[in-house]
Protein chains: 2
Amino acid sequence: MIQNSISQPISLEEIKNKLTEYGLKATHQRLVVYDALQKTHLHPSAEEVYTLIHSDNPSISIATVYNTLDSFVEAKLITRVLSEEGKSRYDFNTHQHHHIYLCNTDEIIDYHDPELQKILTAYLKKKKLTNLTIHELQVHIKAEVINPKQKISIQ
Amino acid sequence: MIQNSISQPISLEEIKNKLTEYGLKATHQRLVVYDALQKTHLHPSAEEVYTLIHSDNPSISIATVYNTLDSFVEAKLITRVLSEEGKSRYDFNTHQHHHIYLCNTDEIIDYHDPELQKILTAYLKKKKLTNLTIHELQVHIKAEVINPKQKISIQ
DNA sequence: TTATTTGCAAAAACTTTGCATACGG
DNA sequence: CCGTATGCAAAGTTTTTGCAAATAA
């Protein structure tokens with residue numbers, strides 16, 4: 001099975017603590033946005049986050065969603081995920097991991113593989129990098145789902 | 001030295017042939033856009049391509065640049081490059097290669113490394129992929145330039 | 001000649017900003 | 001209370017589209 005985010009969703013109380021820990025005021029809007037992010041693994045765009053929360057929280061504006069996501073990225077609570085479409089998508093999982101981009105559905109799936117991470121790190125360590133500090137290494141796997149109705153799994 | 005696109009720029013006549021070969025009509029606008037792409041290695045956005053060509057070709061509109069880039073991507077003459085900013089950037093180099101994203105300058109550098117490609121391919125072959133066909137494997141290295149005035153090199 | 005491509009402008013999609021109000025710490 | 005965050009609307013970006021005119025094949 002593909003390991004998406006490994007951890008279980010955390011409670012609203014724990015989100016509150018996490019926000020504070022990262023230097024952010026724990027507002028209702030931020031709790032809601034964070035909760036939506038942790039419950040979906042589809043690396044949503046701002047618009048998609050807005051749609052996810054809107055029926056339960058009609059007063060939260062799209063501008064607030066954008067601002068909230070930006071503040072999360074700045075606080076390093078989430079990251080922007082690489083994408084080929086020209087829009088920002090976000091990743092709740094801040095552990096080093098890889099991504100599988102499904103080109104027939106535009107879905108992005110987390111692929112957690114510490115062994116692969118080690119291999120890459122070791123390989124690049126051998127190379128002489130001049131004038132560069134590496135911050136992150138990630139493999140981007142572009143793939144196609146053969147049967148959209150069946151499950152996807154790795155090993 | 002980092003290997004950017006390995007090949008030398010090709011002549012306008014050769015671009016013409018290439019366009020035809022890929023099923024695209026060889027219009028002046030397309031020749032100009034392709035030529036601009038092959039001469040820069042900075043993975044430009046549509047806007048940047050427009051700026052690059054505009055002084056010599058003031059009659060080519062930004063809409064045409066967008067349409068041209070789209071038609072190139074569709075014809076598989078170029079690819080969209082992954083980016084964290086929410087806009088499309090393009091890559092003239094269609095050979096399998098990796099990218100180094102310089103987070104302090106927003107530049108994207110090609111990193112051509114067939115050995116790394118082999119290691120990755122072999123590693124993933126060992127994994128049991130169910131219901132997926134892999135189209136592309138690429139490593140995305142996020143790095144910071146230590147001294148912006150000095151050259152960057154790998155091995 | 002004919003289907004495709006272009007230029008232009010307008011619309012759509014995506015994102016940021018300014019300012020008065022609300023609210024967490 | 002104080003300063004940050006929000007809501008809203010408006011402005012700014014980025015990208016797409018529709019249509020008449022131009023042009024490659």
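As the structure is a prediction and not an experimental result, all values here were calculated from the model. Proteins come first, then strands; the chains are lettered A, B, ... in the order of their sequence lines, and each starts at number 1.
The salt bridge (charged side-chain N to carboxylate O under 4.0 Å, His left out) search around B:Glu84 returns B:Lys142, not counting sequence neighbours. Remark: A:Lys16 engages no residue in a salt bridge (charged side-chain N to carboxylate O under 4.0 Å, His left out) (not counting sequence neighbours). Looking at residues two or more places apart in sequence or on another chain, you find a side chain to side chain contact (heavy atoms under 4.5 Å, CB included) between A:Ile10 and A:Glu14, A:Ile15, A:Lys18, A:Tyr34, A:Gln38. Scanning for salt bridge (charged side-chain N to carboxylate O under 4.0 Å, His left out) contacts around B:Glu85 gives B:Arg89, with sequence neighbours left out. Here B:Thr51 pairs with nothing under the side chain to side chain contact (heavy atoms under 4.5 Å, CB included) rule; sequence neighbours left out. B:Glu74 pairs by the side chain to side chain donor-acceptor pair (under 3.5 Å) definition with nothing, not counting sequence neighbours. Take A:Lys25 and apply the salt bridge (charged side-chain N to carboxylate O under 4.0 Å, His left out) test, not counting sequence neighbours, and it matches no residue.
Along DNA chain D, the stretch of nucleotides lying under 4.0 Å from any heavy atom of chain B spans, 5' to 3', D:dT14 to D:dA25.
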Set out, in order, the CA-CA distance, both residues' side-chain angles and the distance that settles side chain to side chain donor-acceptor pair (under 3.5 Å) for B:Glu48 and B:His43, then state yes or no.
CA-CA 9 Å; B:Glu48 284 161 348; B:His43 306 79; over 6 Å; no
What does the list of N/O pairs under 3.5 Å between the protein and nucleotides 22-25 of chain C look like, with a distance for each?
from: C:dG25; atom 1: OP1; to: A:Ala26; atom 2: N; distance (Å): 3.2

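In the hydrophobic clustering (ILVMFWY side chains linked at under 4.5 Å, chained through shared members), A:Leu42 stands by itself.
Taken over five-pair windows at either terminus, the axes of the helix from C:dT1-D:dA25 to C:dG25-D:dC1 are inclined to one another by 50° (rounded to 10 degrees).
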Assign a letter to each nucleotide of nucleotides 13-20 of chain C from its 5' end: B, base within under 4.0 Å of a protein heavy atom; S, sugar-phosphate only; -, no contact.
-SBBB---
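Remark: A:Lys118 does not engage A:Asp113 in a salt bridge, criterion side-chain N to carboxylate O under 4.0 Å.
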